[in-house]
Protein chains: 2
Amino acid sequence: MYSELQAAELLRRAEIVPTPQRVEITCLLMGQRAHMSAEELYRLVNSGGRRVSKATVYNTLGLMSKKGIIREVIADPARVFYDPNTQPHHHFFDVTTGKLQDIDADMVQVSGLPPLPEGATLDGVEVIVRYKSAKAE
Amino acid sequence: MYSELQAAELLRRAEIVPTPQRVEITCLLMGQRAHMSAEELYRLVNSGGRRVSKATVYNTLGLMSKKGIIREVIADPARVFYDPNTQPHHHFFDVTTGKLQDIDADMVQVSGLPPLPEGATLDGVEVIVRYKSAKAE
DNA sequence: CTTAATGCAAAGGCTTTGCAGAGAC
DNA sequence: GTCTCTGCAAAGCCTTTGCATTAAG
């Protein structure tokens with residue numbers, strides 16, 4: 001579990017004013033092992049008594065990802081996942097269930113990437129292993 | 001350029017009835033070096049005199065990707081790209097312009113991936129190198 | 001008082017769906 | 001006539017935007 005104090009501290013360090021809503025969102029996101037989409041998080045926050053608007057959820061996630069304390073993962077065409085793990089690492093994506101899972105970067109080697117175009121800034125290298133799980137077709 | 005005859009042949013081999021609309025879509029997609037989204041393709045098809053509905057474009061792309069003659073690439077949260085290149089390969093994604101570009105698989109080595117969960121079927125390994133290009137912020 | 005954060009609802013893209021009409025055999 | 005494909009429009013989902021309200025210093 002992730003305490004409100006930890007969350008507030010994290011936000012403060014990222015120069016984000018730790019309002020109650022932001023702290024709440026941060027707690028839930030950080031406390032979760034699975035990755036969540038904004039929509040899921042929005043529902044989760046609001047199921048827990050607290051009332052936070054959609055705009056604020058999207059806003060907060062956008063802010064946090066701009067400040068680098070969480071990371072956007074684009075694996076599912078239907079939504080963006082937010083990943084509390086900012087260490088370099090990669091992902092398993094279960095196409096059947098829509099679940100996203102971490103793969104430690106230590107284990108995976110990517111080599112031979114061509115250089116970026118002139119003047120470009122690297123934004124990240126993401127490896128996504130997509131698979132279908134047993135159940136459904 | 002990609003001829004209608006080639007397109008029809010490709011579709012037929014994939015057991016897709018080569019209707020005029022599907023042939024048209026296939027021609028445009030295959031003839032293009034850049035990757036396109038369904039929406040772009042829809043606009044492109046309809047700018048060329050021919051009238052094809054949105055439903056048909058989405059339908060055709062879905063069919064083709066299910067049959068394995070094109071490939072979906074998920075790199076941009078806002079849309080799915082369709083890639084006529086079905087050889088294993090990877091992608092550069094220019095965050096600034098939204099352009100997607102191929103990276104030959106030959107050059108890139110990915111090693112050390114952990115095994116899939118029990119009973120899972122690999123659906124693909126995708127490496128996406130995201131970068132910001134010179135211009136905009 | 002001034003500035004920033006929040007909430008609401010509406011708008012916006014991309015994609016999917018339902019169903020009627022057209023076409024092929 | 002039957003089966004499939006097509007087209008249109010409406011609906012859906014996630015996300016963004018605009019603007020009035022509220023909170024903070």
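Throughout, protein chains are lettered first and strands after them, A, B, ... in sequence-line order, and every chain is numbered starting at 1. No hydrogens, no waters, no symmetry mates; every other heavy atom, side chains included, goes into these values. Note that the coordinates shown come from a computational prediction; the quantities given were computed from them, not determined experimentally.
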Looking at [N], I'd like to know if its phosphate oxygens (OP1 or OP2) sit under 4.0 Å from a side-chain N or O belonging to [X].
| X | N | result |
| --- | --- | --- |
| A/Thr19 | C/dA5 | no |
| A/Arg22 | C/dA5 | yes |
| B/Arg51 | D/dT6 | no |
| A/Thr56 | C/dG7 | yes |
| A/Tyr58 | D/dT16 | no |

Contact class for A/Gln21 vs. all strands (heavy atom < 4.0 Å): base, sugar-phosphate, or nothing?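 Sugar-phosphate contact only.
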Just checking B/Ala78: base, sugar-phosphate only, or nothing, at a heavy-atom cut-off of under 4.0 Å?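 Sugar-phosphate: the residue B/Ala78, judged by heavy atoms under 4.0 Å, touches backbone atoms but no base.
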Any side-chain donor paired with an acceptor under 3.5 Å for B/Asp102 and B/His35?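 Note: B/Asp102 and B/His35 side chains meet the donor-acceptor criterion.
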Would you say A/His89 and A/Arg71 are linked by a side-chain donor-acceptor pair, where the criterion is simply a distance under 3.5 Å?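 Side-chain D/A pair, A/Arg71 to A/His89: present.
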To the nearest Å, how far apart are [X] [atom1] and [N] [atom2]?
| X | N | atom1 | atom2 | value |
| --- | --- | --- | --- | --- |
| B/Asp76 | D/dC14 | CG | P | 17 Å |
| B/Phe81 | C/dG13 | CZ | P | 17 Å |
| B/Ile25 | D/dC5 | CD1 | C1' | 12 Å |
| A/Met36 | D/dC14 | CE | C1' | 16 Å |
| B/Tyr42 | C/dT16 | OH | P | 15 Å |
| B/Tyr82 | C/dC14 | OH | C1' | 10 Å |
| B/Ile16 | D/dC5 | CD1 | C1' | 13 Å |
| B/Glu40 | C/dG13 | CD | P | 14 Å |

Between the main-chain N or O of [Y] and the side-chain N or O of [X], is there a donor-acceptor pair closer than 3.5 Å?
| X | Y | result |
| --- | --- | --- |
| B/Asp104 | B/Asp106 | no |
| B/Arg130 | B/Val95 | no |
| A/Thr96 | A/Ser133 | yes |

Would you mind telling me which residue lines up with the more 5' stretch of DNA chain D, B/Thr60 or A/Glu39, judged by nearest nucleotide?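 Nearest-nucleotide comparison on DNA chain D picks B/Thr60.
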Using 4.0 Å as the upper bound for N to carboxylate O, is an ion pair formed by B/Arg12 and B/Glu9?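 Between B/Arg12 and B/Glu9 there is a salt bridge, with a charged N closer than 4.0 Å to a carboxylate O.
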When you measure from the side chain of [X], which nucleotide among [options] comes out closest?
| X | options | value |
| --- | --- | --- |
| B/Ala55 | C/dT15, D/dG7, C/dC8 | D/dG7 |
| B/Val52 | C/dT15, C/dG7, D/dG7 | D/dG7 |
| A/Arg79 | C/dC8, C/dA5, D/dT15 | D/dT15 |
| B/Arg43 | D/dT17, D/dC5, C/dC14 | C/dC14 |
| A/Ala38 | C/dC14, D/dT15, D/dC14 | D/dT15 |

Taking for each residue the nucleotide of DNA chain C with the nearest heavy atom, is it A/Lys54 or A/Asn59 whose nucleotide lies nearer the 5' end?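 Its nearest nucleotide being more 5', the pick is A/Asn59.
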